[in-house]
Trainee: 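Dropping the structure in here first, questions after.
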Amino acid sequence: MPELPEVEVVRRDLEREVVGKRVKSVEADGMRSIRRHHSRKQFAGRLEGKKMTGVERRGKYILVKLEGGDVLVIHLGMSGQLVRSKGTREQMAKHTHVVITFTQGGQLRFIDPRTFGEMFVTELDIVEKEVNELAHLGIDPLENAMSWEEFGRLVASRHAKLKSMLMDQKFLAGIGNIYSDEILWGAGLRWDRMSDSLSPEEIRRLYRAMMETLQEAVKYRGSSLADEQYVDLYGKPGEFQEHHKVYAREGEACRRCRRPVVRQRVGGRSTFFCEACQV
DNA sequence: CGATCTACCTGATGGC
DNA sequence: TGCCATCAGGTAGATC
């Protein structure tokens, strides 16, 4: 579900809502969402009594810094949601797996029907070295600004299809199935163009489309598809889906040339593009 | 190195 | 109404 823009929206909401709050108690309904821990007790023990001091993002990972040098790492997977509850008595949504209650009142709830998401606590200074998935993350396009020339060198040094290159978390951190298609439409490039075949002009277009698409998506608070599985911390869906150019628009008119948007299955996933204006 | 498949899960939807 | 297939924002690991 959530890609870089959605995770960034949740990060900003968390910064506003949980920084400065102290954890009073933690409830987990099983081990699935906290599978890296030995026990629920051990997970809760590392959180209880700690104040949350900051919220960062690395690609699709959220890092909630804790007083004392630990960090709560959160990945939302395909269907994970973080939702704030003002009190403790609000109805518990189905598939709520972790509930963090604050001493100041209110809760942070982790809801995840498909359970591909997870949370775990580790030490902040080792998280980017010893947690494999984070250690191998590539450049985060919004966090680590890079020039288009630098981007171009990286792109040209690989030999991969553009869509899989954009989605490779070891290369760029945060881009998934929706935004890779939207970026490639913005750049006027096909998903299966090879990364080492681009002209300087095409590299510049790709870089520009990547930055603009991600920034716009954050501005519109992310994309929620028909099932509205993605919502922000306050339970509100995003609005960027209304600005999608190709994703989930099969058969609809391309916003540039009016030809129907095509859907193709690539490696088991849907890819949307315009056959006329992406070359 | 890159591409492709499977597995991990639940739920919504559409055809018959 | 039920049953079955297909689809859904992610990632890791095996295999070629």
Side-chain angles (χ1 to χ4, degrees), chain A residues 1-11 29-36 57-62 73-82 93-97 110-120 131-138 140 154-184 191-197 213-214 217-218 220-232 236-244 246-251 263-272:
Chain A
M1 152 210 193
E3 303 180 30
L4 187 153
E6 293 76 34
V7 177
E8 175 61 17
V9 169
V10 172
R11 186 201 69 76
D29 70 344
M31 289 308 292
R32 174 84 184 144
S33 300
I34 53 168
R35 49 190 173 265
R36 297 193 200 211
R57 183 181 60 72
R58 303 276 187 277
K60 298 171 195 168
Y61 290 83
I62 292 170
V73 181
I74 306 166
H75 194 287
L76 300 173
M78 286 280 263
S79 59
Q81 299 176 348
L82 283 176
K94 203 174 170 187
H95 305 294
T96 301
H97 301 304
F110 179 61
I111 304 158
D112 188 10
R114 294 178 71 182
T115 71
F116 294 164
E118 64 165 330
M119 300 178 118
F120 59 92
V131 177
N132 247 287
E133 296 90 319
L134 282 122
H136 298 143
L137 279 185
D140 186 306
L154 287 169
V155 169
S157 71
R158 323 191 113 218
H159 180 70
K161 291 179 177 157
L162 289 181
K163 171 148 173 152
S164 57
M165 182 198 72
L166 290 174
M167 288 177 62
D168 180 354
Q169 302 299 300
K170 296 186 185 72
F171 177 62
L172 288 169
I175 296 169
N177 206 36
I178 293 179
Y179 294 103
S180 56
D181 284 4
E182 292 298 312
I183 289 166
L184 289 169
W191 64 273
D192 54 355
R193 273 290 295 281
M194 296 306 286
S195 56
D196 53 2
S197 78
T213 302
L214 296 174
V218 173
Y220 286 100
R221 299 192 63 78
S223 302
S224 297
L225 300 190
D227 57 14
E228 285 198 2
Q229 281 215 66
Y230 163 70
V231 289
D232 66 18
K236 261 191 68 164
E239 287 173 8
F240 191 68
Q241 65 280 2
E242 289 156 33
H243 302 266
H244 284 180
V246 283
Y247 193 85
R249 294 190 68 240
E250 183 185 13
R263 175 165 89 151
Q264 197 173 325
R265 286 198 82 74
V266 179
R269 328 192 58 176
S270 289
T271 294
F272 299 87

Trainee: Who does B:dC16 pair with, Watson-Crick or G-U, both distances under 3.5 Å?
Mentor: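 Matched B:dC16 with C:dG2 under the 3.5 Å cut-off.
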Trainee: What is the distance, to the nearest angstrom, from the CZ atom on A:Arg269 to the P atom on C:dA12?
Mentor: 13 Å
Trainee: Please state how far atom CG in A:Asp168 lies from atom P in C:dA12, giving the value in whole angstrom units.
Mentor: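 Computing the A:Asp168:CG to C:dA12:P distance gives 10 Å.
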Trainee: Does C:dG10 have its OP1 or OP2 closer than 4.0 Å to a side-chain nitrogen or oxygen of A:Ser79?
Mentor: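 No.
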Trainee: Between A:Asp227 and A:Ser164, which residue's closest nucleotide on DNA chain B lies nearer the 5′ terminus?
Mentor: A:Ser164
Trainee: B:dA3 P sits how many Å from A:Leu162 CG, rounded?
Mentor: 10 Å
Trainee: Round to a whole Å and report the spacing from CZ of A:Arg265 to P of B:dA3.
Mentor: 18 Å
Trainee: Let me know which of A:Asn177, A:Asp192, A:Val266 forms a side-chain contact (heavy atoms from CB on, under 4.5 Å) with A:Lys163.
Mentor: A:Asn177
Trainee: Take the protein atom CD of A:Gln81 and the nucleotide atom P of C:dG10, then report the distance between them rounded to whole Å.
Mentor: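 Taking CD of A:Gln81 and P of C:dG10, I get 15 Å after rounding.
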Trainee: Mark up nucleotides 5-11 of chain B, 5' to 3', with B wherever a protein heavy atom is under 4.0 angstrom from a base atom, S wherever such an atom reaches only the sugar-phosphate, and - elsewhere.
Mentor: ---BBBS
Trainee: Are a donor atom and an acceptor atom from the side chains of A:Tyr179 and A:Glu6 found within less than 3.5 Å of each other?
Mentor: yes
Trainee: In whole angstrom, what separates A:Phe171's CZ from C:dT11's P?
Mentor: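 My rounded result for the distance is 16 Å.
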Trainee: Which of parallel (below 30°), tilted (30 to 60°) and perpendicular (above 60°) describes A:His244 and A:Tyr247?
Mentor: perpendicular
Trainee: Would you say A:His243 has more than 12 foreign heavy atoms packed within less than 6.0 Å of its NE2?
Mentor: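 Yes, enclosed.
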Trainee: Heavy atoms only, 4.0 Å cut-off, all strands: where does A:Ser224 land among base, sugar-phosphate and nothing?
Mentor: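 The residue A:Ser224 makes base contact.
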Trainee: What's A:Tyr247 touching, base or sugar-phosphate or nothing? Going by heavy atoms closer than 4.0 Å.
Mentor: sugar-phosphate
Trainee: Nearest-Å distance, NZ (A:Lys163) to P (B:dA3)?
Mentor: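 Rounded to the whole Å, the gap is 13 Å.
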Trainee: From C-beta outward on A:Lys161, which listed nucleotide comes closest to its side chain: B:dA3, C:dA8, C:dT11?
Mentor: B:dA3
Trainee: At under 4.0 Å between heavy atoms, what does A:Asn177 touch on the DNA or RNA strands: base, sugar-phosphate, or nothing?
Mentor: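 Sugar-phosphate contact only.
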Trainee: Over how many whole Å does the gap from A:Leu166 atom CG to B:dA3 atom C1' extend?
Mentor: 16 Å
Trainee: Please give the distance between the P atoms of C:dC3 and B:dC9 as a whole number of Å.
Mentor: 24 Å
Trainee: Please check this pair: side chain of A:Glu118 against backbone of A:Arg32, looking for a donor-acceptor N/O pair closer than 3.5 Å.
Mentor: no
Trainee: Does A:His97 offer a backbone N or O that forms a donor-acceptor pair with the side chain of A:Ser33 under 3.5 Å?
Mentor: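 A pair under 3.5 Å: no.
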Trainee: Do A:Ser195 and A:Arg158 meet the criterion of a side-chain donor-acceptor pair at a distance under 3.5 Å?
Mentor: no
Trainee: Salt-bridged, A:Arg58 to A:Asp140, with N to O below 4.0 Å?
Mentor: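 Looking at A:Asp140 together with A:Arg58, the answer is no, because their closest N to O distance does not fall below 4.0 Å.
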Trainee: Distance check, C1' atoms only: C:dA8 and B:dA3, in whole angstrom units.
Mentor: 22 Å
Trainee: Please tell me which of A:Tyr61 and A:Glu228 maps to the more 5' nucleotide of DNA chain C, matching each residue to the nucleotide holding its nearest heavy atom.
Mentor: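 Looking at the nearest nucleotide for each, A:Glu228 comes out on the 5' side.
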Trainee: Pick the closest DNA chain C nucleotide for A:Lys170 and for A:His244 by heavy atoms, then say which residue is nearer the 5' end.
Mentor: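 So the residue in question is A:His244.
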Trainee: Base, sugar-phosphate, or nothing for A:Arg263, non-hydrogen atoms under 4.0 angstrom?
Mentor: sugar-phosphate
